[in-house]
Structures are given as structure tokens and as C-alpha cells.
There are 2 protein chains.
Amino acid sequence: MDNFVFPELKQRTVEDEITSRLRNAIIGGNFAPGSHLNETEVAKQMNVSRIPIREAIKKLEQEGLLVRHTNRRVFVVSFSAHDVKEVFSMRANLECMAFEWALPNMGVDDFVALQDLIAQQKNAIASEDYENLAGLDMQFHEFIVSKAKHSRLLKSWYEQHAQSQMLLNVRFRKMSDYTPETVVRDHIQILEAIKRSDIDAAKLLTLQISERVALECCQTLGEFLGTSEPEGGR
Amino acid sequence: MDNFVFPELKQRTVEDEITSRLRNAIIGGNFAPGSHLNETEVAKQMNVSRIPIREAIKKLEQEGLLVRHTNRRVFVVSFSAHDVKEVFSMRANLECMAFEWALPNMGVDDFVALQDLIAQQKNAIASEDYENLAGLDMQFHEFIVSKAKHSRLLKSWYEQHAQSQMLLNVRFRKMSDYTPETVVRDHIQILEAIKRSDIDAAKLLTLQISERVALECCQTLGEFLGTSEPEGGR
DNA sequence: TTATTGTATACTGTATACAGTATACAATAA
DNA sequence: TTATTGTATACTGTATACAGTATACAATAA
């Protein structure tokens with residue numbers, strides 16, 4: 001077969017496809033927190049049986065995006081003020097741990113890559129492409145956490161990130177006082193700390209930013225936040 | 001109906017039952033890491049259909065105890081030396097965060113409860129009841145993490161704990177140099193730090209202990225550790 | 001009226017059936 | 001013999017069917 005080799009075919013099951021569609025819809029804020037999901041209905045819409053839907057739901061339940069009560073419906077998570085604190089504190093804690101693991105693995109190339117992400121963020125702000133900005137925001141942090149080469153850390157971080165992203169998207173849909181410039185400022189500061197290999201500074205910044213964002217989230221979402229239990233629960 | 005009230009009936013689905021059975025079997029070291037699971041066979045043994053088995057597997061996959069490759073079999077996780085490092089470092093990091101959240105919630109009653117657990121551990125050691133000791137060891141840490149009142153922290157901790165427990169059980173089955181006395185000593189030191197509200201000391205102890213145990217685990221398991229990928233993967 | 005009970009309907013949980021893929025091994029050709 | 005291809009079998013992925021539970025609302029009695 002000569003020298004040419006085909007790249008491995010990564011099989012995507014129906015379940016995988018459903019999982020990402022549902023996940024994106026939830027994170028993107030297309031379902032209101034606390035709203036319920038009808039397996040049969042979703043299956044009908046996607047023209048598949050309920051089994052792969054159920055498996056996708058099980059996965060997203062474990063990721064903390066859906067809540068199921070036996071024999072009752074499936075609900076999109078809703079956040080209490082305490083939940084917001086949980087999500088952002090976990091995320092910040094995991095990112096702090098990531099600095100410890102990642103910094104020894106990072107070099108000039110990585111600093112450049114991060115710098116580039118910040119530049120793209122500026123462009124996104126300039127062209128008021130806020131959806132893109134959210135993605136770039138994520139990529140900045142994801143880049144660092146990935147560099148930690150710590151699969152369990154990364155997995156847990158993704159879960160918290162998905163929830164925080166969902167909160168920010170809901171907020172973005174409801175509010176208009178969004179100040180995207182702070183994103184760039186925060187990232188520049190973190191990158192500076194990383195370049196100096198100043199782990200403590202990077203951690204401190206992360207914790208401070210996290211607390212600020214959590215607070216903003218709670219304040220602006222205000223009455224929109226539910227209690228810990230989803231509305232449909234008993 | 002007078003004053004008498006029935007406690008709520010918590011319904012346990014077939015899937016729930018299967019999940020705990022499988023989880024216990026895996027954590028307990030009844031399946032060798034890297035061994036594979038046959039859905040049909042498990043279904044036959046438990047005399048249920050494959051659907052609830054599949055849902056249980058999906059859950060345990062998310063918990064990091066099972067690994068599935070599309071259209072190939074399901075494998076019990078196997079740990080590389082790096083995986084061992086990951087598990088214990090995550091667990092330690094989460095426990096450190098737990099101190100921050102838990103200590104403000106803890107009072108004399110809690111110190112007494114922890115003291116009592118340590119006493120029970122001494123008894124277990126005296127009567128060489130090591131299975132019980134493992135449970136009591138867990139309860140000590142679980143108690144503290146629970147006091148943090150942080151559901152996401154607790155969930156992630158449980159996942160790491162399950163994997164560390166699995167490692168320790170495999171080790172215990174293979175090795176004979178187990179020195180249970182250190183468990184008691186470690187716990188006494190942590191409890192002392194907690195009583196003094198000395199979070200930094202508690203954190204330091206946790207990180208040190210974690211690193212020591214991870215190292216011991218790697219050394220004693222030695223050749224028994226696999227690579228990151230389960231044996232059957234391609 | 002209002003609280004309680006009965007009944008239909010919608011939805012979830014599980015079993016069964018079957019299609020699609022991987023694996024093991026036999027058959028074939030060099 | 002050894003490498004390659006064909007074929008049977010085992011196992012996973014998904015659809016369909018049905019039983020069990022929750023929910024909504026009508027019927028009934030006070």
C-alpha cells in the first residue's frame with residue numbers, strides 16, 4: 001500500500017451525535033434552566049429510537065447538565081445562588097491546580113499561542129461577535145488546563161466549564177450590561193503571571209476573577225435563579 | 001392520618017441496583033483492572049435485559065471505572081503510573097479545597113465524630129479487620145468533604161476516591177506489606193490541624209500523605225500497572 | 001363549593017428483536 | 001508454510017413493544 005496511510009476512522013455513534021446536540025443546545029441556552037425534556041418527543045424530532053436518547057441523557061446527567069428523577073421527567077439543571085458559587089469555585093480551584101501541573105510543560109510557543117488567542121478576542125470584541133468571544137474565552141483556559149496533561153483534572157474542568165458557560169449564556173441572553181473588555185484584561189494579567197512562572201500570582205488572579213464573575217452572575221441573574229431543586233421536582 | 005408520617009419511599013430502579021453491584025465489584029477488586037465485561041453475560045447472570053446493564057455501564061464509565069470503545073468490549077480501567085499520580089493528586093487537591101469550605105461549618109461535635117472514627121479504626125486494626133478499616137478510612141475523609149456542603153466538590157471527590165480505593169484494594173490483594181498503623185497516625189495529625197483551624201497545615205499534610213501513598217502504590221504494584229490504554233484497546 | 005377518589009393519558013423503565021460490527025478461525029493461494 | 005481472504009460466530013448498537021408509574025382531570029360525596 002505504498003507509503004500512504006489513511007487516518008483512523010473515528011466512528012461516531014448515534015448516541016455521540018445526540019449527546020453533542022443536546023449538550024450544545026443546553027450550554028447555548030436554548031433550553032431554559034429548569035425546563036423539562038421529553039424523551040419521546042426528542043426521539044421523534046431526531047427520528048431515532050429512545051434508547052440512544054436515554055444514553056445521551058445519562059451522560060449529560062453525569063456531566064451535571066440534566067437532572068433526572070425516577071419515573072419523572074428529565075430537567076435541565078437550574079442554578080441556585082449556591083450552585084453558582086459551587087461552579088465557579090470548583091472551576092477556579094481546578095485551574096489553580098492546572099497551573100502547578102501545566103507551567104513546567106509550557107514554553108515560548110505556548111505563550112505565543114495564548115497571546116494570539118487574546119488578539120483574536122480583541123478582534124471579536126471589535127466586531128461585536130460575542131458568541132465567538134465566549135468560545136475564545138474558553139479556549140484560553142482550556143489551553144492551559146490541557147497543558148497540565150492530567151486527564152481527570154481536564155474532565156472535571158470541562159464539566160464545571162460547561163455549567164459556567166451555560167450560566168454566562170443565560171445571562172448574556174437576559175442582560176445587556178455585558179462588559180467584554182474585562183475578559184481581555186483578565187487574560188493579559190494571567191498570561192503575564194504565567195510568563196513569569198509566578199504560579200501564586202496566577203492562582204490569586206484566577207480566584208479573584210472567579211469570585212467576581214460568580215458575584216456578577218448572581219446579581220444580574222437575580223430573580224432568574226432557581227432553588228437547588230429543579231422546578232418540576234417534588 | 002394523625003401525626004404519624006411515613007418516610008418517603010425512595011424507589012430503586014433495576015439500573016440503580018446494577019450500578020452499585022458493578023461498582024462494588026470493581027472497587028472491591030473482584031475484576032482485574034483491564035479485564036473486559038460482556039453485557040450479555042452480565043445480563044444473563046443477573047437475569048435482566050441488557051438495557052439497564054448498559055445504562056449502569058454508562059454511569060460507571062463516566063465515573064472513570066469502566067472504559068468503552070465503540071463496538072468493542074467494555075473494560076475495567078487499568079492504571080498506568082501516571083494514572084495513579086492523577087488519581088491521588090486530584091483527590092488531595094479536592095480535599096484541600098474541602099478544608100476551606102468545611103472548617104467554618106465544623107464544631108466540637110464534628111471533632112468528636114472524627115475522633116470516634118479514629119477509635120474505630122484502631123479497633124479494626126487490633127482485630128485485623130482490614131476491609132472494615134478501608135471503609136472507616138474513607139468515612140473519615142468523606143465526613144470532612146461532606147461538611148464542605150459543596151455538591152460538585154463531593155461528586156468529583158467520590159469519583160477519585162472510588163479509583164484510589166480500587167487501587168488500594170488491588171494492592172492489598174497482591175501485597176502483604178500493608179502497614180495500617182500509618183492510617184491512624186495520619187488521621188490523628190489531620191484532626192489536630194482541623195481542631196486548631198490550621199487549614200494550611202491540614203492541606204500540607206494531605207498533599208504529603210497523598211504523594212506518599214501514590215508512590216507506595218506505584219512501587220508495590222510495579223509490573224502490575226498497565227499503560228494508560230486498557231489492554232484490549234487497539 | 002371544596003376535598004377526595006376514580007379513570008384516562010402521557011411518559012418512563014425494561015424486555016425483546018434484529019441489524020451492524022468485531023473477532024476468531026477455516027479456506028485458499030502463493 | 002505463511003500471508004491473505006472468506007465465513008461463521010459473538011457481541012454491541014438501536015428499534016420496537018409493553019409494563020409500570022406519574023399526572024391531569026373528571027366524577028363523586030360531603
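Labels below follow one simple rule: chain letters A, B, ... track the order of the sequence lines, proteins then strands, and each chain is numbered from 1.
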Student: Closest nucleotide of DNA chain D for A/Arg73 versus for A/Pro52: which of these residues is on the 5' side?
Tutor: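 It is A/Pro52 whose nearest nucleotide is closer to the 5' end.
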Student: Taking DNA chain C as the partner, which of residues 57-65 of chain B come within under 4.0 angstrom of it by heavy atom?
Tutor: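 DNA chain C contact set from residues 57-65 of chain B: none.
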Student: Treating a pair as Watson-Crick (purine N1 to pyrimidine N3 plus N6-O4 or O6-N4) or G-U wobble (N1-O2 and O6-N3) with both distances under 3.5 Å, list the stems of 3 or more consecutive pairs that involve DNA chain D.
Tutor: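 Counting only runs of 3 or more consecutive pairs, the stems involving DNA chain D are C:1-30 with D:1-30.
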Student: Rounding to an integer number of Å, can you tell me how far A/Arg72 CZ sits from D/dT21 C1'?
Tutor: 9 Å
Student: Take the protein atom NZ of B/Lys44 and the nucleotide atom P of D/dC11, then report the distance between them rounded to whole Å.
Tutor: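 Interatomic distance, NZ of B/Lys44 to P of D/dC11: 8 Å.
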Student: Check whether the side chains of B/His141 and B/His187 place a donor and an acceptor atom closer than 3.5 Å, and report yes or no.
Tutor: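 The answer is yes; a qualifying pair exists.
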Student: Take a 6.0 Å sphere around CD of B/Glu17 and say whether it holds more than 12 heavy atoms from other residues, nucleotides or ligands.
Tutor: yes
Student: Is the shortest side-chain N to carboxylate O distance from A/Arg68 to A/Glu39 below 4.0 Å?
Tutor: yes
Student: Mind calculating the distance between NE2 (A/His69) and C1' (C/dT12) to the nearest angstrom?
Tutor: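 So the two atoms are 14 Å apart, to the nearest Å.
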Student: If I take atom CG in residue B/Asn71 and atom P in nucleotide C/dA19, what distance separates them, rounded to the nearest angstrom?
Tutor: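 Distance, rounded to whole Å: 16 Å.
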Student: For B/Arg54, which contact category applies under a 4.0 Å heavy-atom criterion: base, sugar-phosphate, or nothing?
Tutor: base
Student: Quick check on D/dG13: is either OP1 or OP2 less than 4.0 Å from any side-chain nitrogen or oxygen of A/Gln11?
Tutor: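 No, outside the criterion.
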Student: Taking only the side-chain nitrogens and oxygens of A/Ser49, find out if one of them lies under 4.0 Å from OP1 or OP2 of D/dT14.
Tutor: no
Student: Would B/Glu211 and B/Lys85 pass as an ion pair if we require N to O under 4.0 Å?
Tutor: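 Looking at B/Lys85 together with B/Glu211, the answer is no, because their closest N to O distance does not fall below 4.0 Å.
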Student: Can you measure A/Ile51 atom CD1 to C/dA19 atom C1' for me and round it to whole angstrom units?
Tutor: 15 Å
Student: At 4.0 Å (heavy atoms only), tell me whether A/Thr13 reaches a base, stays on the sugar-phosphate, or touches nothing.
Tutor: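 Sugar-phosphate: the residue A/Thr13, judged by heavy atoms under 4.0 Å, touches backbone atoms but no base.
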Student: Mind checking if B/Leu37 touches a base, just sugar-phosphate, or nothing, with heavy atoms under 4.0 Å?
Tutor: sugar-phosphate
Student: Do other residues, nucleotides or ligands put more than 12 heavy atoms under 6.0 Å from A/Lys149 NZ?
Tutor: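 No, NZ of A/Lys149 has 12 or fewer neighbouring heavy atoms, counting only those of other groups under 6.0 Å.
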Student: Tell me the interatomic distance from A/Asn38, atom CG, to D/dA22, atom P, rounded to whole angstroms.
Tutor: 17 Å
Student: Can you spot which of B/Glu15, B/Glu55, B/Glu61 makes a side-chain hydrogen bond (donor to acceptor under 3.5 Å, both in side chains) with A/Lys58?
Tutor: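 For A/Lys58, the side-chain hydrogen bond (donor to acceptor under 3.5 Å, both in side chains) check succeeds only for B/Glu15.
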Student: NE2 of B/His36 versus P of D/dA10: gap in Å, rounded?
Tutor: 14 Å
Student: Check whether the side chain of B/Arg50 and the base of D/dG13 form a donor-acceptor pair under 3.5 Å.
Tutor: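 Answer yes: a donor N or O sits under 3.5 Å from an acceptor.
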Student: What's B/Glu15 touching, base or sugar-phosphate or nothing? Going by heavy atoms closer than 4.0 Å.
Tutor: sugar-phosphate
Student: Answer whether the closest heavy-atom distance between the side chains of B/Arg152 and B/Trp157 falls below 4.5 Å.
Tutor: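 With C-beta onward as the side chain, the pair stays apart.
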Student: Just by distance, with hydrogens left out, do A/Asp16 and A/Thr19 show a side-chain donor and acceptor under 3.5 Å apart?
Tutor: no
Student: Rounded to the Å, how far apart are B/Ile53 CD1 and C/dA15 C1'?
Tutor: 12 Å
Student: Do B/Gln120 and B/Asp116 have side-chain N/O donor and acceptor atoms under 3.5 Å apart?
Tutor: yes
Student: Under a 3.5 Å cutoff, is there a donor and acceptor pairing between the side chains of B/Tyr158 and B/Glu63?
Tutor: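 Looking only at side-chain atoms, B/Glu63 and B/Tyr158 do not form any donor-acceptor pair under 3.5 Å.
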Student: Using heavy atoms to find the nearest nucleotide of DNA chain C for A/Glu39 and B/Thr70 separately, return the residue whose nucleotide is more 5′.
Tutor: A/Glu39
